[in-house]
Amino acid sequence: TRPVTDPCLPLSPPLQAILDFLARWEAGPRAHQPPTMREIAEGADISSTSRVSKLLDELLVLGYITRTPRKARTIRLTPLGKETAHAIQI
């Protein structure tokens with residue numbers, strides 16, 4: 001698998017799915033409030049919120065998202081995240 005710290009390689013399908021979901025969310029009517037872990041899991045077709053949490057940590061390390069530690073619903077795409085996401089209108 002790809003090292004967590006290598007942003008030059010393509011993202012794994014689950015990471016790309018989360019990034020794409022977040023881009024659709026930010027373009028949608030509920031953009032004023034970031035999604036919950038459960039909403040991300042459902043929207044990115046990932047079976048557990050703990051897996052979503054680990055994948056979000058990886059996206060954070062790679063610079064695709066920002067988060068405020070120990071606060072709910074603070075996930076935002078960075079400019080790199082927006083550029084990398086394959087946003088589709090919802």
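As the structure is a computational prediction, the values presented were derived from the model and not from experiment.
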Problem set entry | Residue pairs involving residues 59-68 (criterion salt bridge (charged side-chain N to carboxylate O under 4.0 Å, His left out); sequence neighbours excluded) | D57-R67
For this session: Would you mind listing every side chain to side chain donor-acceptor pair (under 3.5 Å) that reaches into residues 28-38, with sequence neighbours excluded?
Result: R30-E39, T36-E39
Problem set entry | Spacing of CZ belonging to R24 relative to CG belonging to L22, to within rounding of 0.5 Å | 9.0 Å
Seminar exercise, completed: Those residues at least two apart in sequence (or on a different chain) that pass side chain to side chain donor-acceptor pair (under 3.5 Å) with E26 are none
Seminar exercise, completed: In this structure, CG of L56 is separated from CD1 of I18 (nearest 0.5 Å) by 5.0 Å
For this session: Could you name each residue pair satisfying side chain to side chain donor-acceptor pair (under 3.5 Å) that touches residues 74-85, not counting sequence neighbours?
Result: none
Problem set entry | Candidate list L55, L11, L62, test side-chain contact (heavy atoms from CB on, under 4.5 Å), partner L19, passing option | L11
Problem set entry | Side chain proximity check, I46 to I40, heavy atoms < 4.5 angstrom | no
Problem set entry | Test item: P14 and R51 side chains (from C-beta on) under 4.5 Å apart, heavy atoms | yes
Exercise. What pairs with S48 under side chain to side chain donor-acceptor pair (under 3.5 Å), at least two apart in sequence or on another chain?
Worked result: S50
Problem set entry | Reported CG-to-CG distance for the pair D20 and L15, which is rounded to 0.5 angstrom | 10.5 Å
